[in-house]
Amino acid sequence: MTSTPHSFQVDLRGLVDLLSHHLYSSPRVYVRELLQNAVDAITARHALDPAAEVRIRLSATGDRVTIENSGIGLTAAEAHSLLATIGRSSKRGGDSAVEKIRGLETTRQEFLGQFGIGLLACFVVARQIRVVTRSARDPQAAPVEWLATDDGSYTVRELPHEARTEPGTTVVLEPRPGAEEWTTSAKVEELARDYGSLLPYDITFDDGQGDGQGDGRGDGPRSVTDRPPVWERPFPTPTARRVALAGHCTQLFGFTPLDSIDLDLPVAGVRGVAYVLPEPTSPAHRSGHRVHLKGMLLTDRADNLLPDWAFFVRAVIDTDTLRPTASRENLYDDETLAAVRDALGARVRTWLAELAASEPERLAAFLRVHHLGVKSLARHDADLLGLMLPWLPFETSDGSMSLEEFAAAHTEIHFTRTVEEFRQIAPIAAAHGLGVINAGYTYDADLLALLPVVRPELKVVELDAGAVTERLDPVPTSAELTLAPFLATARTRLEPQSCDVVLRAFQPVAVPALYLDDRQARQERDRTAALDSADSLWSGILGALRGSAPRARLVLNHNNPLIRRIAALPDEALTATAVESLYGQALLMSQRPLRAADTTLLNRAFLGLLEWATHPADTQEDQK
């Protein structure tokens, strides 16, 4: 029989470049397209004849890839019209029976049909595509061969009836130079299992190298599907199911999960499971979730499936409602996905609540690893915060403990916004009964701000210099009067630093001085610095804003022997230098950023002490 050459109604070379370099992330998707076409053809055949045979067989020998199905097939006119025209699909229009049966289930197929990619996507790896097909709609129609090459031409011809006696389609790909790695037997089988393990029809793979050894490789056709999904299988006990899910996670993601969370949303058409990571992960890390669309793998890198706070799980789901992007390599972020994301987040939250209520040991094990994720969730959910109060750990002046334990000992809770400030004040606060929480870690400040909503009887305030000073023991009046000249010298010397000096007695004795600062004091220093550098207009405005805002404080410890010795020095200049040294040491201990004025003071005090320490020796040397 003669065949007539025709031209595609597209620039095929441009299409292949578009698919391989811009639309798809990898040539591997061609296997998905072959499987998808076969599954859709079987679905269409069953709409016509529910008792029809189901057969999808894939094979690869390195120099070609073949897939055969017992689907709906095509006539010559359909092959010419549907396989070579962008914007058309064998699954759209003119098939009202199929459309009625599928109803809303055609979302994915219609989405692909709008782009008209289908079989042409196989040109990302193929030099030539040969399709032999026979229609189930028209039993009298002859088999048809559609032969296309990557130069943009194709032929359609009718074959003798004996060329294919049963309805269905066989597709044969010959790889183009440079793409052979994607058509090897091992690679094709790997991709088929990855993409098609949950497809609704049995798919077999044959490498054509049966050896009869029974080792699972080279033993003839073998199934690549594995249904039903493990999360839908029956198990004799909950423990057996948990073990099976853990094994599935290890095989799929490469880790043994702490726990698993069922993600079953029948109304949304979503079924699956989330696996809890066994190690801490950064909140900034967005996990790649594995999404199947009606059984076909869509992506294993979906980062928009779960809320951002659920960074401690990796999920695998199958859905029939969510929309794919044009490349079918991610989920389209629309209102439906947003609603599903919220519902899946609620499921994770429910799992946490159930653990808290009935399995505290498992919850404690989870929080030891992932308390940060729960804190992230609880800062927007007062009910969850109340539920988690006995479990969430915080760093406090009484040690690491939960908010519930800490609140039992302190009705007034102070917090610091930086880790450095907390570590400086924690031992002193603990010695004097002041309850302080380190809110310098991620989310802790937000949770403490929400705490009064959960526990109205608690007062939560940011730590300020005044609160600390009030808790420290006052020095007897007689002792303070005796040290009045020393304190006057110290205050005068530190006035340029906008720092007051007070005398208290506190523990531990080894701490000679404590530098206390708060937000208002820092704002006042910033205003003063701006005033010094401003022009006359702004100087007047900033000067008018001067108020009685608290300043930083250097608290000298009267219990410390060094402080008493410095206070007794007869040399006022040496006393002033020693006070500057105490200020610098306390400032360094607080680990706050140093201003230029602070650096100058530290250098001056250090050199001053060196000069004083070496002066007597110099004098003795001069007298010799």
Side-chain angles (χ1 to χ4, degrees), residues 1-10 12 33-59 61 64-99 101 109 112-113 116-123 126-174 201 203-204 206:
M1 294 183 182
T2 61
S3 61
T4 305
H6 303 275
S7 294
F8 284 101
Q9 298 176 31
V10 294
L12 186 57
E33 296 297 338
L34 290 175
L35 294 175
Q36 185 63 70
N37 285 341
V39 168
D40 291 341
I42 294 290
T43 301
R45 176 78 181 275
H46 271 202
L48 185 69
D49 178 10
E53 175 191 12
V54 174
R55 184 181 71 258
I56 301 176
R57 181 166 176 166
L58 179 66
S59 64
T61 59
R64 67 179 55 201
V65 176
T66 304
I67 186 168
E68 180 186 2
N69 70 74
S70 58
I72 193 69
L74 299 172
T75 63
E78 290 170 338
H80 179 75
S81 175
L82 302 176
L83 291 179
T85 306
I86 293 299
R88 300 286 299 278
S89 168
S90 62
K91 301 177 287 295
R92 301 178 64 215
D95 195 0
S96 58
V98 175
E99 296 299 323
I101 291 175
Q109 289 91 335
L112 292 174
I117 295 171
L119 190 61
L120 295 183
C122 294
F123 276 116
R127 178 189 67 82
Q128 175 181 280
I129 301 176
R130 180 173 183 261
V131 178
V132 176
T133 181
R134 183 162 191 166
S135 175
R137 293 192 186 94
D138 185 359
Q140 303 304 316
V144 177
E145 178 194 68
W146 180 86
L147 183 66
T149 59
D150 62 359
D151 65 0
S153 65
Y154 73 94
T155 61
V156 176
R157 65 177 180 136
E158 292 187 348
L159 301 176
H161 283 270
E162 60 269 17
R164 185 179 184 98
T165 59
E166 298 294 330
T169 300
T170 300
V171 180
V172 180
L173 308 182
E174 292 185 9
Y201 307 120
I203 299 171
T204 59
D206 188 358

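Every value quoted in this text rests on a predicted model; they were computed, and no experiment measured them.
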When Val131, Val156, Leu74 are each screened for side-chain contact (heavy atoms from CB on, under 4.5 Å) with Val144, the one that passes is Val156

Let me confirm one number: the CZ-CD distance from Arg164 to Glu145, rounded to the nearest 0.5 Å.
12.5 Å

To the nearest 0.5 angstrom, please state how far the CD atom of Gln140 sits from the OG atom of Ser135.
11.0 Å

Would you please test Val171 and Asn37 for side chain to side chain contact (heavy atoms under 4.5 Å, CB included) and show each step?
CA-CA 10 Å; Val171 180; Asn37 285 341; over 6 Å; no

Please round to the nearest 0.5 Å and tell me the distance separating atom CZ of Phe123 and atom CG of Leu173.
9.0 Å

Locate the shortest heavy-atom distance separating Glu158 from Ala142; write the atom from each residue and the value.
OE1-CB, 4.1 Å

Locate the shortest heavy-atom distance separating Glu53 from Ser70; write the atom from each residue and the value.
O-OG, 2.8 Å

Rounded to the nearest 0.5 Å, how far does OG1 of Thr75 lie from CZ of Arg134?
12.0 Å

Indicate the atoms forming the closest heavy-atom contact of Asn69 with Ala41, along with that distance.
OD1-CB, 3.7 Å

Can you give me the closest heavy-atom contact between Pro143 and His161, atom names plus distance?
CD-CA, 3.8 Å

Could you please spell out the steps behind the salt bridge (Lys or Arg N to Asp or Glu O under 4.0 Å) verdict for Glu68 and Arg57?
CA-CA 5 Å; Glu68 180 186 2; Arg57 181 166 176 166; over 6 Å; no

Among Thr61, Asp206, Val172, find the residue that satisfies the side-chain contact (heavy atoms from CB on, under 4.5 Å) test when tested with Thr66.
Val172

Do you know which two heavy atoms are closest between Ile56 and Tyr201, and how far apart they sit?
CD1-CB, 4.2 Å

Run the side chain to side chain contact (heavy atoms under 4.5 Å, CB included) test on Ile72 and Asp40 for me, step by step, so that the C-alpha distance in whole Å, both residues' side-chain angles and the decisive distance to 0.1 Å come before the verdict.
CA-CA 9 Å; Ile72 193 69; Asp40 291 341; over 6 Å; no

Could you tell me which non-hydrogen atom of Gly71 sits nearest to which non-hydrogen atom of Ala136, and how far apart they are?
O-CB, 4.4 Å

Taken to the nearest 0.5 Å, the spacing of Glu166 CD from Arg55 CZ works out to 7.5 Å

With rounding to the nearest 0.5 Å, note down the distance linking CZ in Arg45 to CD1 in Ile42.
7.5 Å

